[in-house]
2 protein chains.
Amino acid sequence: MGIHRKTSSLNTLLKEFNNDISAITVVDLVSRLGDKMNKTTIYRILNKLEEDSILHSFFGKNGLKWYAKCDGCCNSKPESILNKFRPHFQCLSCGKIDRLNIEMKLPKVTDQKVSVSQLLIQGRCESCN
Amino acid sequence: MGIHRKTSSLNTLLKEFNNDISAITVVDLVSRLGDKMNKTTIYRILNKLEEDSILHSFFGKNGLKWYAKCDGCCNSKPESILNKFRPHFQCLSCGKIDRLNIEMKLPKVTDQKVSVSQLLIQGRCESCN
DNA sequence: AAATTAATGCAACTCAGTTGCAAAAATAAG
DNA sequence: CTTATTTTTGCAACTGAGTTGCATTAATTT
Ligand SMILES: [Zn+2]
Ligand SMILES: [Zn+2]
Ligand SMILES: [Zn+2]
Ligand SMILES: [Zn+2]
């Protein structure tokens, strides 16, 4: 278990994921909340939230770390991932990431044990066309 | 066009992708070739090779940049990607990345114009089990 | 209320990746 | 072949996302 105590920093940070935004960079979070809490705190809380499968993370085009709400797609139970996961879409022009409303299935062809799967589709979003 | 001149640095770098290894980190390349050429040169050549769609890149679990041979999966023609792409697999224990021998199809459900799609599946590889 | 344990702030640090500029190598022109 | 042009390279300094150690503060337990 990552999170042990309910602190105000934790609450403030969690609020940021209750918007319509589907994924946020840590850099963005730091610039939004940097006056309310230290950036180290932000990094540490995000880390714990991922450990608890409340958030999950991945890296976008420029190497920046993105966080998004996890809906069980990162559980250690293989079935849950193998059956369905939802891809993210990053616009290479404006950089924005959204979660697509598609469910994809991953074929179980490997001997490896899968625990996470992240499909990042890249292209140009509607606004940038 | 990224590459204009055939230099020895370019050749040396290209050789590294003729092994059976399916993906290499830049950090790894720098430590292997660092005595033969400057790290800045490595970064710059990789950049150009990606521009020319000879290599493609993505970011692994720890934010490191990986390069692999591109077989047209990163062309700007939407059809080529929408029809098939091959996922990479990263072992969360030893960090190694391999390209899986599976072809996946991406459903064309979006208004967005897709140019790249990268599926990074994560778990534990055979050797680490 | 006191003791224990976890979370936070701060400053310094790490290190992958970038930038500017002068020197060297490759290609083109004569 | 020789000279002029353009690209590539090395070097050193820099950038910035992410980390670490430690002392202080806040939350939870006894
Ligand atoms: Zn998830
Ligand atoms: Zn856009
Ligand atoms: Zn490709
Ligand atoms: Zn492994």
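These numbers come from the heavy atoms of this one structure, side chains and all, not from hydrogens, waters or symmetry mates. Throughout, a chain's letter reflects where its sequence line sits, starting with A, and its residues are numbered from 1.
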Rounded to the Å, how far apart are [X] [atom1] and [N] [atom2]?
X: B:M1; N: D:dT6; atom1: CE; atom2: C1'; value: 12 Å
X: B:N47; N: D:dT8; atom1: CG; atom2: P; value: 12 Å
X: B:D28; N: C:dC15; atom1: CG; atom2: P; value: 16 Å
X: A:I3; N: D:dA27; atom1: CD1; atom2: P; value: 14 Å
X: A:K48; N: C:dT5; atom1: NZ; atom2: P; value: 16 Å
X: B:F59; N: D:dA17; atom1: CZ; atom2: P; value: 13 Å
X: B:L10; N: D:dT7; atom1: CG; atom2: P; value: 16 Å
X: B:L46; N: C:dA16; atom1: CG; atom2: P; value: 15 Å

Heavy-atom donor-acceptor pair, [X] side chain to [Y] backbone, under 3.5 Å:
X: B:E50; Y: B:S57; answer: yes
X: B:K69; Y: B:F17; answer: yes
X: A:Q90; Y: A:G95; answer: yes
X: B:D52; Y: B:I3; answer: yes

Find the distance between [atom1] ([X]) and [atom2] ([Y]) and round it off to the nearest 0.5 Å.
X: A:S22; Y: A:K96; atom1: OG; atom2: NZ; result: 8.5 Å
X: A:T41; Y: A:L10; atom1: OG1; atom2: CG; result: 11.5 Å
X: B:T7; Y: B:M37; atom1: OG1; atom2: CE; result: 8.0 Å

Next on the checklist: Just to be sure I understand the geometry, which residues of residues 29-45 of chain A put a non-hydrogen atom under 4.0 Å away from DNA chain D?
Outcome noted: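 Per residue number, the list reads A:K39, A:T40, A:Y43, A:R44.
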Checklist entry - With sequence neighbours excluded, what pairs up with A:T40 under the side chain to side chain donor-acceptor pair (under 3.5 Å) test? => result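 Expected list: A:N38.
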Item to check | Aromatic ring pairing A:W66/A:F58, orientation class (parallel under 30°, perpendicular over 60°, tilted between) | outcome: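 Parallel: the ring planes of A:W66 and A:F58 meet at under 30°.
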Next on the checklist: Generate the contact string for nucleotides 22-29 of chain C. Rules: B means base contact, S means sugar-phosphate contact only, - means no protein heavy atom under 4.0 Å.
Outcome noted: ---BBS--
